[in-house]
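One structure is given here, and the rest of the page talks about it.
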Amino acid sequence: MNSKIKLALSLLTIVGMVRAYAEASVSMDDAETKGVKKIDCLRVNEQLRVCGDALIDGVLTLASQPVISLAIGTPGVPGIGGDLAYGAIASIITQTIVPGGSVVFNIIPPFVNNGTVDTAAGITVVNAGIYRLEALVLGLPYFVTDPLFFQLQANGVAIPGATFQSSIASGGGVTGETLVVTGFGIIPLPAGAVLTVVNVSADNVVLPTISAPFNAAPVTNAVFTVERIA
């Protein structure tokens, strides 16, 4: 047989095998839209599917080793480390907080597009969702035996289950033992909720300036963090 004919037949056979394999391995549902082909659903060996903009399922392998497994479902809102929004503010200044007064924060990190508005008065959440709140306050009681009470509020209203008490001082009044109040909670919040940390003790509470060892920067006497988790 002529060598040119043999070469042509070989090429046709290879093309046919490649086409057959491609048709067996990959299938797709498509539609023409103004001259542009839109793939509605791509299936590879019936093991991996990518459909529309909401469905990815199957097992993706690299060098025959599974590297990711995707269950059927709709992906969530992209976040950072599982957080859909976050805010954090702190204080290093000495301040006296009267009963019903809020902690003033002077350390406000320059977060950008993070789903919160962080100010000296507190943190405002941009979107409705489920939020994880955490607060810490270091303060001095007005009377020797007084514990400290602080409360997380949303729009000036107490958040249920978010009133926290320190231990009882062992002595010294405002010149004595610094007490620690910590609180944590997971709650639903509406869009635009303004969150504050409020003194609900019977008397004034002083947040002192605390110096770190070896002339380092001052230690924070109040910290408030907010994270949207759903």
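Sequential numbering from 1 along the given sequence is applied to the chain's residues. Since the structure is predicted, the reported quantities are computational estimates derived from the model, not experimental observations.
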Q | Stepwise side chain to side chain contact (heavy atoms under 4.5 Å, CB included) check, F150 with Q165 | A | CA-CA 7 Å; F150 278 82; Q165 176 185 342; over 6 Å; no
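Residues I187 and L189 meet the side-chain proximity criterion, which asks for heavy atoms closer than 4.5 Å. Taking 4.5 Å as the limit, every side-chain heavy atom of F143 sits out of range of all side-chain heavy atoms of P141. Within the 4.5 Å cutoff, side-chain heavy atoms of I92 are placed close to those of I107. Side-chain contact between V125 and V226: present, with at least one pair of heavy atoms (C-beta onward) separated by less than 4.5 Å. Between I130 and I186 there is a side-chain heavy-atom pair separated by less than 4.5 Å. Annotation: side chain of V200 is in contact with side chain of T163 (closest heavy-atom distance under 4.5 Å). A 4.5 Å side-chain heavy-atom check between V117 and I123 finds every atom pair outside the cut-off. Here the side chains of L133 and I159 are in contact, with some heavy-atom distance below 4.5 Å.
In the hydrophobic clustering of ILVMFWY residues, with side-chain heavy atoms under 4.5 Å counting as a link, V205 and V198 come out apart. Hydrophobic clustering keeps L140 apart from V219 (ILVMFWY residues linked when any side-chain heavy atoms are closer than 4.5 Å, directly or through intermediates). In the hydrophobic clustering of this structure, F184 groups with I229; members are Ile, Leu, Val, Met, Phe, Trp, Tyr whose side-chain heavy atoms approach within less than 4.5 Å, directly or through other members.
Ring to ring, F164 and F149 are not that close: their centroids are 6.0 angstrom or more apart.
Between the side chains of T116 and D118, at least one donor N or O lies within less than 3.5 Å of an accepting N or O. With hydrogens and angles left out, the side-chain atoms of S91 and N221 include a donor and acceptor closer than 3.5 Å.
When each of L138, T94, V103 is checked for a side chain to side chain contact (heavy atoms under 4.5 Å, CB included) with L207, only V103 meets the rule.
The line from CD of E134 to CD of E227 is 8.0 Å long, rounded to the nearest 0.5 Å.
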